[in-house]
Amino acid sequence: EKLDDLKEQGYARIAIGNEPPFTAVGSDGKVSGAAPDVAREVFKRLGVEDVEASILEYGAMIPSLQAGRVDAVTAGLFMKPERCNAVAYSEPILCDAEAFLLPSGNPKGFENYADIAADETARIGAPGGGTEEKLALEAGVPRDRVIVVPDAQSGLKMLQDGRIDVYSLPVLSLNDLLSKSGDGGLEVFAPVKDAPVYCDGAAFNKDETALRDAFDVELAKMKESGEFAAIIEPYGFSAEAAKSTTREKLCAAQ
Amino acid sequence: MIRINDLSKSFGKLTVLNGLSFDVMKGEKLALIGPSGSGKTTILRILMTLENISGGRIEVCGEPLFHMHRNGQDVPADEAHLHKMRRHIGMVFQHFNLFPHKTVLQNITLAPTLTKGEKRIDAEKRARELLDMVGLADKADYMPVQLSGGQKQRVAIARALALSPEIMLFDEVTSALDPELVEEVLQVMQRLAVETDMTMLLVTHEMGFAREFADRVLFFDQGRIVEAGPPEQIFQAPQEERTRTFLRKIIASRHGM
Amino acid sequence: MIRINDLSKSFGKLTVLNGLSFDVMKGEKLALIGPSGSGKTTILRILMTLENISGGRIEVCGEPLFHMHRNGQDVPADEAHLHKMRRHIGMVFQHFNLFPHKTVLQNITLAPTLTKGEKRIDAEKRARELLDMVGLADKADYMPVQLSGGQKQRVAIARALALSPEIMLFDEVTSALDPELVEEVLQVMQRLAVETDMTMLLVTHEMGFAREFADRVLFFDQGRIVEAGPPEQIFQAPQEERTRTFLRKIIASRHGM
Amino acid sequence: MGDWAGYLTLILAGTWVTIKLTVMGCAVALVVAFIAGLGRVSRHATLRWLSTGYIEFFRGTSIFVQLFWIYYVLPLIGVSMTPMQAGVMALGLNVGAYGAEVVRGAILAVPRDQYEACIATNLTRYQRMRHVILPQALPLMLPTFGNNAIELLKATSVVSLISLADMTFQAQVVRSQTGNTIVPFVTILILYFILSSLISFGMRYLERRASRGAEGVR
Amino acid sequence: MEWDWEFTYSILPLLLQGLKITVLATILGAIVAASLGLVFALMRRSPNRLLSRTTGFFVEFIRGTPLLVQLYFIFYILPDIGLRLSPLTAGVVGMGLHYATYFSEVYRGGIEAVPRGQWEAAKATNLTIRQTWVNIILPQAIPPMIPAMANYLLAMFKETPLLSAITVMEMMSQARSIANSNYRYIEPMTLVGVFFLIVSIISVFGLRWLERRYGRQGR
Ligand SMILES: Nc1ncnc2c1ncn2[C@@H]1O[C@H](COP(=O)(O)OP(=O)(O)OP(=O)(O)O)[C@@H](O)[C@H]1O
Ligand SMILES: Nc1ncnc2c1ncn2[C@@H]1O[C@H](COP(=O)(O)OP(=O)(O)OP(=O)(O)O)[C@@H](O)[C@H]1O
Ligand SMILES: [Mg+2]
Ligand SMILES: [Mg+2]
């Protein structure tokens with residue numbers, strides 16, 4: 001019945017991040033990017049005319065969903081077992097591997113999170129509450145060497161200023177960041193060794209599996225028809241990757 | 001008119017008045033004199049209900065001031081009773097206490113229009129008469145800050161009179177004034193004393209004026225009446241040693257030693 | 001001792017003193033009287049260098065007060081010159097201006113120890129003598145708030161005396177006091193006048209005291225000397241109409257009408 | 001690098017949100033300040049306690065915590081507000097608590113003499129407040145109210161926490177979309193300063209008007 | 001969402017660690033603010049018009065713009081001109097600078113509140129300017145300032161969450177990080193609120209005491 005409400009209302013509220021190319025905000029204020037574009041299209045097929053996107057920081061997304069402030073999160077919020085418990089995910093949409101942004105030539109030779117843990121002076125930047133922060137902590141990097149960076153641009157700046165030694169985000173995000181910065185002294189190391197490839201899905205409130213299921217149906221049709229690939233591939237994402245895995249697998253992965 | 005019976009008043013541990021009794025008759029002009037801190041101001045403030053009493057009983061115009069009858073018993077007065085009783089009494093302060101954000105005229109008309117529901121036009125007419133009486137007819141639209149101390153005090157007197165109280169209280173009304181300005185205020189009061197039959201209580205350090213003005217003088221010390229009598233007696237033939245010392249000091253400093 | 005020549009003083013557009021000249025001899029006791037706002041306080045404040053002058057010239061103990069010689073020319077005095085000149089002068093204020101965070105003794109010893117580099121023990125010895133003189137030997141360790149007005153003013157006098165000035169200025173030193181406390185202060189001043197040969201300038205509204213105290217009285221109005229002379233002349237046979245009106249008003253309000 | 005005119009428009013859109021938050025927040029704060037401020041000087045103990053509780057709570061906890069509670073926790077117990085409403089409530093209630101103390105202070109700063117003159121002229125409690133005390137207290141409050149309004153303006157920058165696209169938030173967006181840090185931040189610094197200067201000028205104008213005729217009251 | 005006590009206990013140590021940073025930042029910031037504030041106050045009193053005007057404008061500018069934006073500025077832009085401060089230092093400098101503008105007003109008010117008669121009495125007893133400041137003015141001006149200063153100290157304490165924007169792991173950042181990795185917001189945020197409230201309530205009593213002790217001196 002949630003879907004009926006949304007249809008009547010004429011729009012769905014979605015949370016997006018402030019991280020190209022998952023999301024992008026044009027100079028006219030219009031929201032685009034791979035995640036909202038897919039969501040917009042699927043909702044349109046479900047009979048919901050439009051989406052109203054609000055940019056949230058990563059940490060605020062799940063609470064907003066739980067508090068009913070948004071109807072879905074489409075922000076490159078990768079599926080992980082604990083998250084699958086907190087929200088109801090759709091089937092995979094955007095997949096990406098983890099990457100490091102670091103000085104050209106990778107002078108310290110960081111190839112995975114464990115390398116960073118091993119170097120006692122190395123500091124890694126990652127978004128608060130994001131997958132990268134978790135991976136770093138799990139790999140044994142102590143809390144005080146995992147710097148919570150408020151946004152990608154800050155991470156880039158901190159790396160340039162030497163405040164951190166490496167900045168970790170998904171591959172495409174870092175590529176976009178690096179190309180915008182035009183900084184020749186940095187490079188993207190991708191993919192990070194031993195780190196799994198993650199996929200996000202549209203996340204819904206745990207109680208609204210009906211809406212999620214309806215979403216899945218339309219998403220599957222789009223994947224089938226190739227329209228899905230047409231939307232996300234211009235942004236650099238691989239439609240194949242999304243099609244080759246399932247929510248079940250990703251949520252079960254350790 | 002006023003009957004004070006066994007009145008006591010303490011501020012915290014300090015007992016200022018202790019078992020004080022005296023009466024004031026209708027139309028009487030009473031001067032309270034005495035050294036600093038003897039409790040003169042406190043008596044006036046109590047009569048104006050600015051202070052509560054600690055014990056005893058006061059009657060004004062035949063009715064208890066701080067008590068009222070409820071089911072045959074005396075209970076502490078509530079605000080409504082006090083409000084009613086205050087109609088009988090007006091007070092003029094040492095520091096004038098005019099309302100600084102109102103014109104002279106508004107200062108005088110504010111209370112009559114609000115508390116007695118007088119029409120504005122009537123209140124203003126009466127206010128102008130009173131201003132004329134205190135010699136300030138031309139200052140009606142001034143703000144208080146634009147007046148000299150003596151003028152302010154005359155406005156304050158007019159303001160108190162506007163409510164037509166039967167009793168007027170004056171607390172050192174000239175001691176905040178420049179010496180040259182004292183006279184104009186005393187003149188107004190003298191006129192009031194002669195021309196009306198209001199009951200008046202006056203606290204002052206101006207012995208000369210107290211003598212001219214009062215029917216009876218009470219000399220206070222430490223919250224008690226040391227000596228009472230007509231001004232001739234108190235000033236010329238004081239009975240008590242304390243009174244004599246006090247008067248001698250005052251006179252000495254006023255006239256050189 | 002003091003030579004004032006063509007002195008003028010304005011506050012913004014208001015000219016308070018205009019072309020005022022008079023001399024004060026060594027040891028002379030001078031009383032300045034006159035209506036409120038006539039500029040009496042201003043003269044004392046200028047002598048104490050609390051106000052700058054707008055024009056004219058003042059000499060104190062043979063030296064210019066607001067000027068100094070530099071390369072044969074008169075230039076405005078700098079702080080160092082003023083600091084030197086202030087040694088000659090002490091002042092007692094209407095509102096005492098004691099230092100509230102210091103004891104009575106410290107109030108008196110502060111300046112001698114700091115400005116004259118007196119030893120603490122000497123300064124305290126002298127302070128106790130002065131306190132004795134003003135009748136407050138037992139109050140040395142009190143804080144100012146613990147004193148009555150009259151006591152505060154006597155401490156203030158002792159403080160000014162501690163610097164042994166040749167000239168003392170008194171600005172209405174009793175008018176913030178309760179009438180009973182006036183006498184104790186005047187007595188101290190009277191003693192000073194008789195027992196020392198300090199030059200003294202006194203602004204007061206206590207005509208009785210002015211008469212006893214002064215060798216010469218200056219009557220001011222609107223920043224000018226209207227009349228000057230020995231007290232007998234000014235008080236008993238004033239030449240000028242303005243003086244007569246003023247004295248009549250003051251006397252009237254003091255003694256009843 | 002993109003289209004600066006467009007991104008400037010984005011920041012200006014954020015400015016508009018900031019202005020709306022400031023104006024509405026001030027309105028709420030003003031109302032609340034008077035209610036709680038008068039409550040603090042009330043004769044009724046209950047009113048005094050309620051006001052004190054409100055004031056101490058909102059002054060005691062950080063605006064961040066308050067904002068978070070209003071936005072994320074209240075919905076869990078069924079009170080849901082739009083981000084704008086939540087922002088206005090949090091800002092208004094927070095600054096209102098400070099304003100209440102200003103109201104109380106100004107009322108108490110009116111000399112006791114004035115209360116006594118009111119009693120001597122037999123005005124009722126309400127008449128005292130309405131005709132004598134408040135008219136004199138108001139000019140005393142204005143300067144501090146002006147400062148409070150500026151504090152409120154500055155506090156709007158924290159609403160970016162709850163996804164309101166105010167000026168600071170838009171600057172962040174522009175920053176990550178363009179990769180340029182200096183331009184958006186310097187722009188909003190200037191904009192904030194303009195806004196706060198406008199508030200000061202406005203308040204000074206009001207002060208002049210309020211004190212007209214009552215100079216020297218202090 | 002239910003309250004989970006076990007979780008509450010488990011996060012307590014981390015939050016307390018955040019509290020330590022919060023308190024440290026507050027105290028260091030207050031020291032900077034108090035000293036810089038005095039400098040601003042004296043510069044504004046300077047007879048040199050250019051100096052006093054410039055200081056005045058600078059103070060107004062800092063006071064009219066949000067601390068958050070100033071922190072961004074110090075942390076992300078100053079390195080471009082070669083000034084790279086550690087997160088905590090940047091936070092302390094930012095807060096200290098911001099609050100120095102408030103402290104300078106407190107100093108100014110306190111100095112102006114010393115009655116004119118005291119300056120005059122000092123002159124009449126022939127004290128020098130320096131002696132007047134040291135022996136007469138400051139001893140009277142500073143005690144009444146103490147409550148106002150303590151108030152700003154408390155305000156600084158409550159603004160420390162802003163430091164999370166420049167990656168200082170103070171109490172609020174700790175809480176958010178905990179919340180983000182556990183998807184439980186209520187417990188950490190409530191605890192933070194409670195900590196703030198406890199510190200504030202203690203401070204309110206402290207302030208009352210300070211006010212009684214220093215606020216109104218026998219004048
Ligand atoms: N509100 C108060 N709280 C505490 N003590 C008070 C208060 N009002 C008056 N007193 C004390 O009561 C005593 C009597 O004061 P009161 O003002 O009646 O004296 P007074 O005779 O009018 O003196 P004065 O001639 O100085 O006006 C004094 O010791 C005074 O300090
Ligand atoms: N600092 C000042 N700024 C502006 N005007 C002043 C200042 N000090 C004094 N005046 C004005 O100068 C005039 C003379 O003042 P002064 O205090 O010398 O008078 P006074 O003779 O001592 O009067 P009083 O008997 O009231 O003490 C008055 O009109 C007063 O308003
Ligand atoms: Mg009295
Ligand atoms: Mg004078």
Side-chain angles (χ1 to χ4, degrees), chain D residues 18 52 55-69 71-73 75-77 94 98 101 143 146-147 149-161 166-169 171-172 175 180-200, chain E residues 1-3 22 57 60-81 98 102 105 151 154-162 164-165 170-173 175-176 179 185-186 188-205 207:
Chain D
T18 295
T52 310
I55 291 169
E56 294 302 347
F57 180 81
F58 275 87
R59 293 200 314 169
T61 53
S62 173
I63 177 124
F64 299 89
V65 183
Q66 290 155 23
L67 202 57
F68 180 85
W69 264 81
Y71 194 65
Y72 291 119
V73 181
L76 298 178
I77 59 166
N94 184 278
Y98 289 89
E101 287 296 277
N147 288 341
I150 291 177
E151 294 302 316
L152 194 145
L153 165 71
K154 291 193 292 175
T156 56
S157 67
V158 311
V159 301
S160 42
L161 264 184
D166 79 310
M167 201 148 74
T168 305
F169 188 81
Q172 289 284 13
R175 177 174 174 233
N180 187 310
T181 299
I182 292 194
V183 175
F185 282 158
V186 170
T187 309
I188 62 169
L189 268 181
I190 292 170
L191 284 171
Y192 276 116
F193 186 59
I194 291 174
L195 291 181
S196 66
S197 304
L198 283 178
I199 295 176
S200 321
Chain E
M1 267 207 166
E2 294 285 289
W3 185 271
T22 292
F57 179 81
E60 289 306 319
F61 188 87
I62 299 283
R63 235 150 65 110
T65 52
L67 175 55
L68 178 63
V69 184
Q70 291 162 7
L71 288 173
Y72 281 131
F73 201 88
I74 291 175
F75 194 68
Y76 295 116
I77 297 184
L78 285 191
D80 291 347
I81 57 166
H98 194 83
Y102 292 87
E105 288 296 303
N151 239 326
L154 194 55
M156 289 176 85
F157 175 70
K158 284 179 300 193
E159 282 217 281
T160 48
L162 286 180
S164 66
E170 44 67 57
M171 183 162 55
M172 190 81 179
S173 330
R176 268 156 64 184
Y185 262 65
I186 294 196
M189 287 305 168
T190 307
L191 279 184
V192 171
V194 168
F195 281 148
F196 272 117
L197 207 55
I198 290 174
V199 174
S200 299
I201 288 172
I202 295 173
S203 327
V204 164
F205 285 106
L207 272 176

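Please read these numbers as outputs of a predicted model, since none were measured by experiment. The chains referred to below are lettered A, B, ... by the order of the sequence lines, with proteins before strands, and numbering in each begins at 1.
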Measure the spacing between [atom1] of [X] and [atom2] of [Y] and express it to the nearest 0.5 Å.
| X | Y | atom1 | atom2 | value |
| --- | --- | --- | --- | --- |
| E:Ile74 | D:Phe185 | CD1 | CZ | 12.5 Å |
| D:Asn147 | E:Tyr102 | CG | OH | 8.0 Å |
| E:Glu159 | D:Phe64 | CD | CZ | 6.0 Å |
| D:Glu101 | E:Asn151 | CD | CG | 9.5 Å |

(Q) Given heavy-atom pairs under 4.5 angstrom as the criterion, report whether the side chain, backbone, both or neither of E:Leu154 touches chain D. (A)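 E:Leu154 has no heavy atom closer than 4.5 Å to chain D.
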
Q. Of the backbone (N, CA, C, O) and the side chain (C-beta and beyond), which part of E:Ser203 lies under 4.5 Å from a heavy atom of chain D, both, or neither?
A. neither

Under 4.5 Å, counting heavy-atom pairs only, tell me which of [options] racks up the most with chain D.
| options | answer |
| --- | --- |
| E:Leu68, E:Ile198, E:Ile201 | E:Leu68 |
| E:Ile62, E:Thr190, E:Thr160 | E:Thr190 |
| E:Val192, E:Leu67, E:Ile77 | E:Ile77 |

Q) Taking D:Lys154 for the side chain and E:Arg63 for the main chain, is one N or O donor matched with an acceptor at less than 3.5 Å? A) yes

Q: Please lay out, stage by stage, how D:Thr168 and E:Tyr72 fare under the test side-chain contact (heavy atoms from CB on, under 4.5 Å).
A: CA-CA 10 Å; D:Thr168 305; E:Tyr72 281 131; 4.2 Å; yes

**Q.** Non-hydrogen atoms of E:Thr65 and D:Leu189 that approach each other most closely
**A.** CG2-O, 3.3 Å

Q | Mutual orientation of the aromatic rings belonging to E:Phe61 and D:Phe193 [parallel < 30°, tilted 30-60°, perpendicular > 60°] | A | tilted

Is chain E contacted by the side chain of [X], its backbone, both, or neither, given a heavy-atom distance below 4.5 Å?
| X | answer |
| --- | --- |
| D:Ile150 | side chain |
| D:Ile188 | side chain |
| D:Glu151 | side chain |
| D:Tyr98 | side chain |

